[in-house]
Each structure stands twice: as C-alpha cells, then as structure tokens.
Amino acid sequence: MSNSSDNLHFAQKIDKHAKSSLLRPNSKLEHALSNSKARGLPPIQVSPLAGQYLAIQAQLIGAKSVLEIGTLGGYSSIWFAEAGAKVTSIEIDPKHREVAMQNVEGLDVEIILGAALDVMPKLAEEGRKFDMVFIDADWDEQYEYFDWAVKLTRPRGCIYVDNVVRALLESESTEEGSESQVAKIGRDPRVVATLVPTVSSNKGVSSEMFDGFVLAVVKDH
Ligand code: SAH
Ligand code: MG
C-alpha cells in the first residue's frame, strides 16, 4: 500500500533524476529565478522540466512567434526565446512586468501590460498570428483565453493550457454541474486536443503533485 507521502517521495526521486540527467546549466534562467525571488514574486513559474518541454514543443513546430498569457518574472518567456521564438507576453501586474523586463534583457521578448481579455482582442484586430500560444494566467478565465488563442494561432499551430488538471480538481467541489474547460475544448470544432497528465514534486507538497496540461492543434480548414 502506498500513501501520499510515499507518492511525493517517488515524484521527488523521478524529478531529481530527470533534472540532473537532462537539464543543462543556464545562467539566464537561474538569474531569473533568483531575481524574481529577491523581488518577492510568488514561485509559481513552470518547473524546469516543463520549461524544457515548452522549448522542445516550440522547436518541434519551428515556432518563430509565441504568445504567452501570464508573464510573472519571464521564466517561461526565456525558455521560448532561447528556443528561437519571438515572444509576446501579456501580464496584468506592473511589478511582475518590471521584474520580467530585467530578467529577459537582451532576448526577443515583448511584454504587454494589461488584462489578457483586453489585450487578446486587440492583437486579433491587428491581424496578429502566432505559431504557439502558452496559457498560464488566471484559471477562472482559461476557456476565454483559449477561445481567443484559437483566433490568434496560425493553422497547425498549437495551444498549451497549463494547470488544467489542478483547475479541474479544485473546481470539482465548488462548481458542481458547470461544464469544464476540458469539455468546452472537446466540443470546439476548430481544434483537436488532448490532456497530458503530469506528476511533479516541483511544488514540494503532495496535494499539488498531480497536474496536467491541454495541448491543442488548430485545424487548417
Ligand atoms: N508563465 C509564467 C508564470 C505565470 S504565473 C512562468 O511560467 O514563468 C501567472 C501570471 O499571470 C501572474 O504573473 C499574474 O499576475 C498573471 N495574470 C493573472 N491574471 C491575468 C490576466 N487576466 N491577464 C494577464 N496576466 C494575468
Ligand atoms: Mg502555471
């Protein structure tokens, strides 16, 4: 029989092995983490292995442009920029944006200050299209972000929605009966999507060990 502390131990063991085997030292990323911590930002950026996943995904589709919803200190922006994409990131909090601007210095990253649901329609009006959209902001509005992301993604581009499993698990008790974001995405004829469940000890607590993201590809007709 296993219990949740055993499970956290297993997740830690896997993470430790994968991180030490697969990740390479990167002073820009390390500086972003230490500066964000020093400036008092919450440590809610993607895990290092998830960051490397995003960078690989961007390279697999040859992404030259990435739209990111939720910048925080620019940690995930750095992963995308170093994978060869021009990054447009939207952040609602002026302090987060300011710290991120320091952290991404020298990289091709534009950070727009504003609420995603104000900024995304403007980008659409300007006719902007991106190869990949990474959604990682307010969980309550995730489906609205997704809807705009589809309009802002080129055919065969992809959309990654972070923390979908945590949002599902946490909403279950509060919003009984309301249609989940996953169900809405599943009904959307413009995309084909899957859910990739993840196990990670990154947050250090067993209650946050299970998470997962939705990856969608935008159809070309
Ligand atoms: N992508 C980052 C982490 C983002 S954390 C990384 O992995 O490095 C979520 C961020 O979304 C926070 O900085 C928060 O201020 C921002 N945010 C929350 N609601 C938002 C909204 N409606 N529009 C834009 N940004 C928002
Ligand atoms: Mg996240």
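Numbering of ligands and ligand atoms starts at 1, following listing order.
Distances from the Mg ion (ligand 2) to each N, O or S atom of Asp136 single out OD1 as the nearest. The atom name of the N/O/S atom in Asp162 closest to the Mg ion (ligand 2) is OD2.
Residue contact check: Gln45 has heavy atoms under 4.0 Å from atoms 6 (C), 7 (O), 8 (O) of ligand 1. Atoms of ligand 1 lying under 4.0 Å from any heavy atom of Gly114, numbered from 1 in the order shown and given with element: 23 (N), 24 (C). Counting the atoms of ligand 1 from 1 in the order shown, those under 4.0 Å from a heavy atom of Tyr75 are 8 (O). In the vicinity of Tyr145, heavy-atom distances shorter than 4.0 Å reach the ligand 1 atoms 21 (C), 22 (N). Listed by number with element, the atoms of ligand 1 under 4.0 Å from a non-hydrogen atom of Ala115 are 23 (N). Shown in contact with Glu141 at under 4.0 Å from a heavy atom are these atoms of ligand 1, numbered in order with element: 22 (N). Close approach to Ile44 involves these atoms of ligand 1, each under 4.0 Å from a residue heavy atom: 5 (S). Residue Phe134 has at least one heavy-atom neighbour below 4.0 Å for each of these atoms of ligand 1: 1 (N).
Across Arg128 and Leu152, no two heavy atoms sit closer than the pair O-CD2, 3.4 Å. When all heavy atoms of Phe130 and Ser65 are compared, the closest pair comes out as CA-OG, 3.4 Å. Shown here for Ala85 and Ala63, the closest heavy-atom pair between the two residues is CB-O, 3.5 Å. Pairing each heavy atom of His96 with each of Pro42, the nearest pair is NE2-CD, 4.0 Å. The two atoms that bring Ala193 and Ile185 nearest to each other are CB-CG2, 3.6 Å, heavy atoms only. A pairwise comparison of heavy atoms in Ser76 and Val46 identifies CB-CG2, 4.1 Å as the closest pair.
Checking Asn163 against the Mg ion (ligand 2), an N/O/S atom falls under the 2.8 Å cut-off.
Under 4.0 angstrom from ligand 1, the non-hydrogen atoms of His96 all belong to its side chain. Of all the heavy atoms of Thr71, the ones lying under 4.0 Å from any atom of ligand 1 belong exclusively to the backbone.
With no hydrogens or angles considered, a side-chain donor-acceptor pair links Asn103 and Ser36 at under 3.5 Å. Side-chain contact annotation: Thr198 with Asp211, donor-acceptor N/O pair under 3.5 Å absent. In the model, Glu82 has a side-chain atom that pairs as donor or acceptor with a side-chain atom of Asn26 under 3.5 Å.
With Tyr145 as the partner, the side chain to side chain contact (heavy atoms under 4.5 Å, CB included) test is satisfied by one option alone out of Ile159, Val150, Ile135, Asp136: Ile135.
Regarding atom 11 (O) of ligand 1, its nearest protein heavy-atom neighbour is Gly70 CA, 3.3 Å. Among protein heavy atoms, atom 26 (C) of ligand 1 sits closest to Ile92 CG2, 3.5 Å. Among all protein heavy atoms, the one lying closest to atom 19 (N) of ligand 1 is Asp138 CB, 3.6 Å. With hydrogens left out, the protein atom closest to atom 9 (C) of ligand 1 is Asp136 O, 3.2 Å, a heavy atom.
Among the atoms of Ser76, some N or O lies under 3.5 angstrom from an N or O of ligand 1. Distances between N or O atoms of Ala116 and those of ligand 1 include at least one value under 3.5 Å. Considering backbone and side-chain atoms together, Glu91 places an N or O closer than 3.5 Å to an N or O of ligand 1. Inclusion of Val46 in the set of residues having an N or O under 3.5 Å from an N or O of ligand 1 is warranted. When only interatomic distances are considered, the shortest N/O to N/O separation between Gly74 and ligand 1 does not fall below 3.5 Å.
To the nearest 0.5 Å, atoms CZ (Phe80) and CG (Asp131) are separated by 11.5 Å.
Residue Pro42 places no heavy atom under 4.0 Å from ligand 1.
Tyr160 and Phe213 have parallel rings, their planes meeting at less than 30° on a 0 to 90° scale where 60° marks the start of perpendicular.
Around atom NZ of Lys122, no more than 12 heavy atoms belonging to other residues, nucleotides or ligands sit under 6.0 Å away.
Residues Pro48 and Asn202 form a side-chain contact, since some pair of their non-hydrogen atoms from C-beta on lies under 4.5 Å apart.
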